[in-house]
Amino acid sequence: MPAPSTQAAASDLPTTRRAPKRTSFSEAAARAAQRLHLDRQLRFWVHELSPLSTPDRMLARVTGIHDETHDTKTFTLRAGRGWQGHTPGQFTNVDVEIDGVRQTRCYSVSSAPSSRHLSITVKRVSGGLVSNWLHDHLQVGDIIGISPADGDFVLPDDAATLLFIAAGSGITPMLSMARDLAARGAFEDTVMVYYARSADDLIAGDELSRIAAEHSGFRYVAIRDDAHDGTGGFDEARLRDMVPDLFDRAAFTCGPAGLMDRVEAMWRDAGVESRLQRERFTLPTLTDAGGDPNVERSVVLTSSGRTAEVTGGETILAGLERAGEKPAHGCRMGICKMCRCRKVSGSVRNVVTGEISDAPDQDIQICISAANSDLALAL
Amino acid sequence: MFRLQRNTQAPTISVELSEEEADAFGAELDALRAEIVADLGQSDVDHIRSIIRWCQYSEAGGRALLHFGIGPLSFVLGAGALTVSKILENMEIGHNIMHGQYDWTRDPELDSGTYDWDNACAAENWQHYHNFEHHKYTNILGKDRDIGYGLLRVSEEQEWNPSHLVQPISALILASLFQWGVAAHDLHVDEVRPNRKSVMALYERSRPFLKKARRQLAKDYLFFPALALANAPRVFAGNMIANFGRNLWTFAVIFCGHFPDGVRIYSEEECENESRGQWYARQINGSANIEGGRLFHIMTGHLSHQIEHHLFPQIPAARYPQIAERVQEICERYGQAYNTDSFGSQLGGVARKILRYALPGPARPQATAATA
């Protein structure tokens, strides 16, 4: 199984929202500078004098850090040039420099939409490089990279009755939705069921209770694993009792793979899978997708001329890294496409969708692909 | 920083390594490389960014002095600062980034795939003949076109022709226009035949060069002078001096890297089926270092550590001084000559070769002094 990714949104569809095309003065200046080979100078001086205006890169300054729980922090950011806000439920690619290497991870935006500000809520992942670094090193005033918001885990325009099923840090995209609905006074009939280990693990628990008290259209139920009356943990029947019309609602779920698999099964069995929107923070386990960790596959890297061994039970990215290679990558979960490369030959399977790619000369994302045969990659 | 003259010792000759020795030699160097790669981190990125900052500030300062200054002192300082900036950009920053030394940082500003340095040579041309031809086939006569740059005869192995008679002068011209020599190097002008097809082919492969040359000339000799209004002649002259200074400096550093006394030239047959260890040995025997202080090394882009650069072209160059001692120690144990000397001596060696090999003859420079 791959190292669990930090929390992120896992929509694989390209975004349809694009900034409208317009030529501003700064773009014209950038083009002129490029023609005279002065673009580097332009970027340097803008960054030096006004970092948040840096062209070609979207940056944000950390304006606040506060503890949500013992292992979760919220970082509030002031976005620089280019940020056009987000739709609640979307994510942004955050990039930071750790030991000189730029690392990218996706985080759901947890705040309500704003043209200037956003926040991300980050849970420490055991062994996770970026989440732990953010917790231990990021300071107020620091500047980090962000990307335009993306993702399709968003509220439909027309649905009046909603159901949110969140677990752990999977609350973050729905937190943005709830905050947005509260700010707009737009709750008609929304139920949020939030599963957490204990009361101490509830992210924004007080705020959600307050929103529920202030808005009659919002019902909030926190379910804790450590409840003494035996009502803790996820249980299909209890969920049905709590929300009898659950399958009639526009439903959203996000959380650990185990819980999401069970929620998915409920909606599938009821024949209403299309009414359930999912956001995966972690990859499904690879053996479930048919991988065999005991099978060695050799991967020829055609650009460097080197060869590495990977197993069928890991992603190609993880296997190459184990072999000492450092292929370019970002989110490690199939979203950002920074790891996309040309597969010259061989067969791979997408561990998220199960899709097989066996034709030569196809582009694959090595962070969510496992080898079905020996491979040649243009790396 | 560097001494002008020093007794040139007879260059030590490297012993031929057996296959096993070459393998062990290669393994030791591979291990050294792996050790440094594993240690790369924040300090390497901080170094290159601080050089970039110095480069940008000295360019801005130099141009400001040229544009707004009055009198000769500000002119000299301005042209000097601009020269330093151009040298830093071409050597420590551009050359090293384009080698991929900072690709591991995943910072697009430090990416070898997109970086294009600030001189007349188009990045794509340079990537081909320098990174591929020169670094792979270092000092193999007939394959490494950097030997004498197709213009000069710098070794007895090169065949003499009458054009070499004037090479002391052509070397000076090449030195002062070095960026143009580097830029035109991959165009294979010498292979053009007097027919339409061949000339058209030259035009086709010259496109990246022509595009880049046009923009570089426009920047230094039209755009900035025009911006300076009444100070245009001053800015024009200052830019020209800066380009000239950068050319002389890079020429001197680069010629000291491969053509001083004791550097070996290889034949194609010698290098057939060569092992990794033998390749390492050729890199060492085909390169020479220049001694100096930290600032000197930075101004040469650490090409003063040409040996380390040729062994590990993708390790950030600022690491070379740190590993030089260990490379030297490994070389000693395997009987490989490690050619290092002061800037003056190495330059003197190059000058002597250019003078000597202007004339035909296979004999060694010292031996022919009397008969030539």
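Letters A, B, ... are given to chains in the order of the sequence lines, protein chains preceding strands, and every chain is numbered from 1.
Counting heavy atoms from C-beta outward, A/L38 and B/K219 have side chains that approach closer than 4.5 Å.
Remark: B/K211 NZ to A/R35 CZ distance equals 8.5 Å, nearest 0.5 Å. The OH atom of B/Y57 sits 4.0 Å away from atom CH2 of A/W45, with the distance rounded to the nearest 0.5 Å. Taken to the nearest 0.5 Å, the CD atom of B/E109 stands 7.5 Å off from the CG atom of A/D56.
Across B/I52, B/D118, B/V45, the residue that shares the most heavy-atom pairs under 4.5 angstrom with chain A is B/V45. Counting heavy-atom pairs closer than 4.5 Å to chain B, the top-ranked of the candidates A/E97, A/K326, A/Q103 is A/E97.
No side-chain donor-acceptor contact under 3.5 Å links A/Q41 and B/Q56.
Scored by the ring pair (Phe, Tyr, Trp, His ring centres under 6.0 Å) test, B/F224 finds B/H67 as partners (sequence neighbours excluded). Judged as a salt bridge (Lys or Arg N to Asp or Glu O under 4.0 Å), and not counting sequence neighbours, the contacts of A/D136 are A/R124.
Residue pairs meeting the salt bridge (Lys or Arg N to Asp or Glu O under 4.0 Å) criterion with at least one member in residues 79-91 of chain B, sequence neighbours excluded, are A/R40-B/E89, B/K86-B/D220.
Salt bridge present: A/E48 and B/R53 bring a charged side-chain N and a carboxylate O closer than 4.0 Å.
Within residues 97-108 of chain B, the residues that have a heavy atom under 4.5 Å from a heavy atom of chain A are B/W104, B/T105, B/R106, B/D107, B/P108, listed by number.
Atom CH2 of B/W180 is surrounded by more than 12 heavy atoms from other residues, nucleotides or ligands within 6.0 Å.
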